[in-house]
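Just so we're on the same page: letters track the sequence lines, and every chain starts at 1.
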Amino acid sequence: MAQDALLITDLKKKYADGPEALKGVSLTVPAGDFFALLGPNGAGKTTIIGIVTGLVTKTSGTVSVFGIDTDEEPERTRSMIGLCGQEINFDPFMKPRDILVNQAGYYGIQRRIAIPRAEKLLNDLGLGDKFDQIGFKLSGGMKRRLMIARALIHEPKFLVLDEPTAGVDVELRRSMWEYLTTLTKGGITILLTTHYLEEAERLAKHVAIINKGEIVANGTMEEILALHDPSTSLGAGGYSGGKLEEIFIKLTSNNS
Amino acid sequence: MSFDKQLVALYTILRKGVVRILRIWPQTLLPSIVTSVLYFAVFGNILGSRIGNFNGVPYILFVVPGLVMLAVITNAYMDVATTFFVSKFFSRNIDEILVSPTPSLIIISGYILSGVVRGTAVGILVLLVSLFFALPSIAHPLVAILFLILSSLVFALAGLINGIYAKNFDGISIVPTFVLTPFVYLGGVFYSIKSLPPSWQTVSLFNPIFYIINGFRYGFLGTSDVSPLTCVAVLLGLMLVLLGANWYFIRTGLGLRQ
């Protein structure tokens, strides 16, 4: 049986000067899966990602990546994860190739190996003519693709994408979908958060919906879509979103 | 992470820092050189010619080690404080390293070494500039080199603490402006504490930078206000305290993990 890429058990997080961001989240991402973690702003998605990648310390609970506890062997688990964060956070005065080669260096990959790898990734993501352009001069879509390339430079087994297509135009978003699909076919597990629910519906095999720090739905895409109740759809009288969107609104708007 | 991979990570952080220093040299290297030229011209030539000999040497030769050390201290400190602060708050690219398996000790070492490179490089450049105004002899070159490197190291460590804890730009300018600069000026850059009243001589002994400047000056002139061994001891003591503080940050995630 294949090992789970991510196993989260009863994860809690209370920020020092804030509310309880996570209230006992348990989640399993099977290896090789394309998993969508959905939720409204402030639901706890980025906190989960922060804990998994080591940017946020948890209050309690356990997290393991491919069977390795992130507390016991953080360096090993981090080496298996690639993070494409929500915010554009590369050095804006550096060139794409240098950004990638430096990132590889943080994983102990020598420059002679990293340079051709960086150039291939940039080519694959349509940035082949931007090797030496200063980062801040790239367009929004190019910056997003550069972030994905940076997350992949050390060839991770588990790719975490926190709203990777935010602010990206439709055409580019679709080309990014294709690229991500080829990654999963190559064996990389992907955890995706997004506010574009059609994106999740199209790409993900499994989906979890989080609201106010708690998982409110979790299962295969088919299982979640089966929760759809046509009788509650807005129908022809108003805007009707996709099935997943309607389920999402129903599950996250019942605020107690 | 294996040792050889740690070395690659360390080299990467250091290289990035050095490339940045060279890329923005008008901000990192040039200001200290320009300031030093002014100091050498005003204090060394114009005022120095009227002062004559000071502690047995021409005044300009007396101030050269102090001005070099002024540049070393401020540059090593500001390099690490600013770089770390900007990475943390503005571009937030510190996350690039934090999500990687690079151990905290290597992260800190990379930033510190970058500060040491800048501090030492600026110190050497200021020393070279001084050649246009005087020809300082170096009585104990190894002592001078030791103080050059150790001082860079100590103030790079101090700058890192500042960079970690600064919450805004004021946070990284307050310490250099209101603490570091007065301590450096009152540490004997331009004078010997023997010229001070006895009570101020005693006060000066509590200024750690006094020992650093005097130790470095001993390397040049072969004389100083205090024993060079005392200066080395103070410098090593400071380094231990700052290493301890930085070790605490390593243990607690550098204050960067929420």
Side-chain angles (χ1 to χ4, degrees), chain A residues 13-18 21 46-47 49-58 73-95 98-114 134-136 147 150-151 153-154 156 160 162, chain B residues 1-28 82-111 114 167 249-258:
Chain A
K13 174 63 184 179
K14 170 90 173 73
Y15 286 104
D17 51 355
T46 301
T47 300
I49 287 174
I51 292 170
V52 171
T53 56
L55 293 174
V56 177
T57 55
K58 59 187 166 61
E73 296 183 74
E75 290 174 13
R76 267 187 80 190
T77 57
R78 281 178 206 160
S79 67
M80 291 190 279
I81 300 172
L83 171 67
C84 172
Q86 200 176 110
E87 306 292 335
I88 303 291
N89 67 347
F90 52 76
D91 185 335
F93 298 103
M94 286 178 64
K95 297 167 183 172
D98 295 334
I99 290 168
L100 265 56
V101 172
N102 278 350
Q103 188 67 24
Y106 304 143
Y107 289 81
I109 300 164
Q110 293 178 11
R111 292 178 64 80
R112 63 183 169 77
I113 298 167
I134 298 295
F136 73 80
M147 295 271 288
R150 188 181 65 179
I153 189 69
H154 61 289
V160 179
D162 195 0
Chain B
M1 200 178 194
S2 61
F3 180 70
D4 57 332
K5 287 190 171 183
Q6 288 186 23
L7 284 182
V8 173
L10 177 66
Y11 171 74
T12 303
I13 299 169
L14 174 60
R15 187 180 188 279
K16 186 182 174 192
V18 173
V19 167
R20 175 189 162 274
I21 291 166
L22 295 175
R23 189 182 69 213
I24 54 168
W25 62 270
Q27 292 175 50
T28 54
T82 310
T83 311
F84 206 80
F85 174 76
V86 169
S87 304
K88 183 178 69 169
F89 270 113
F90 288 93
S91 53
R92 189 65 210 178
N93 59 64
I94 191 76
D95 286 355
E96 291 178 337
I97 308 179
L98 293 179
V99 298
S100 78
T102 304
S104 298
L105 183 62
I106 298 294
I107 298 174
I108 284 183
S109 303
Y111 276 93
S114 172
K167 303 289 181 212
F249 296 129
I250 291 171
R251 306 264 305 181
T252 56
L254 296 174
L256 293 171
R257 301 186 201 278
Q258 299 172 60

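For A/Ile51, no part lies near chain B; criterion is any non-hydrogen pair under 4.5 Å. Neither the backbone nor the side chain of B/Phe90 comes within contact range of chain A; no heavy atom of the residue lies under 4.5 Å from a heavy atom of that chain. Only the side chain of B/Arg23 comes within contact range of chain A, judged by heavy atoms closer than 4.5 Å. Contact of A/Gln103 with chain B is made through the side chain alone, with heavy-atom distances under 4.5 Å.
Taking 4.5 Å as the limit, some side-chain heavy atom of A/Ile134 sits within range of a side-chain heavy atom of A/Lys95. Contact check for B/Lys16 versus B/Glu96: side-chain heavy atoms found under the 4.5 Å cut-off. Looking at A/Ser79 and B/Met1, their side chains never come closer than 4.5 Å, going by heavy atoms from C-beta outward.
Across B/Arg15, B/Arg20, B/Gln6, the residue that shares the most heavy-atom pairs under 4.5 angstrom with chain A is B/Arg15.
A distance of 7.0 Å separates CG in B/Leu7 from CD1 in B/Ile106, rounded to the nearest 0.5 Å.
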Please tabulate, one pair per line, all N/O donor-acceptor pairs under 3.5 Å involving side-chain atoms of residues 81-94 of chain A, not counting sequence neighbours.
from    : atom 1 : to       : atom 2 : distance (Å)
A/Gln86 : NE2    : A/Thr46  : OG1    : 3.0
A/Gln86 : NE2    : A/Asp162 : OD1    : 3.4
A/Gln86 : NE2    : A/Asp162 : OD2    : 3.4
A/Gln86 : NE2    : A/Glu163 : OE2    : 3.4
A/Asn89 : OD1    : A/Arg150 : NH1    : 3.3
A/Asn89 : OD1    : A/Arg150 : NH2    : 2.4
A/Asp91 : OD1    : A/Phe93  : N      : 3.0

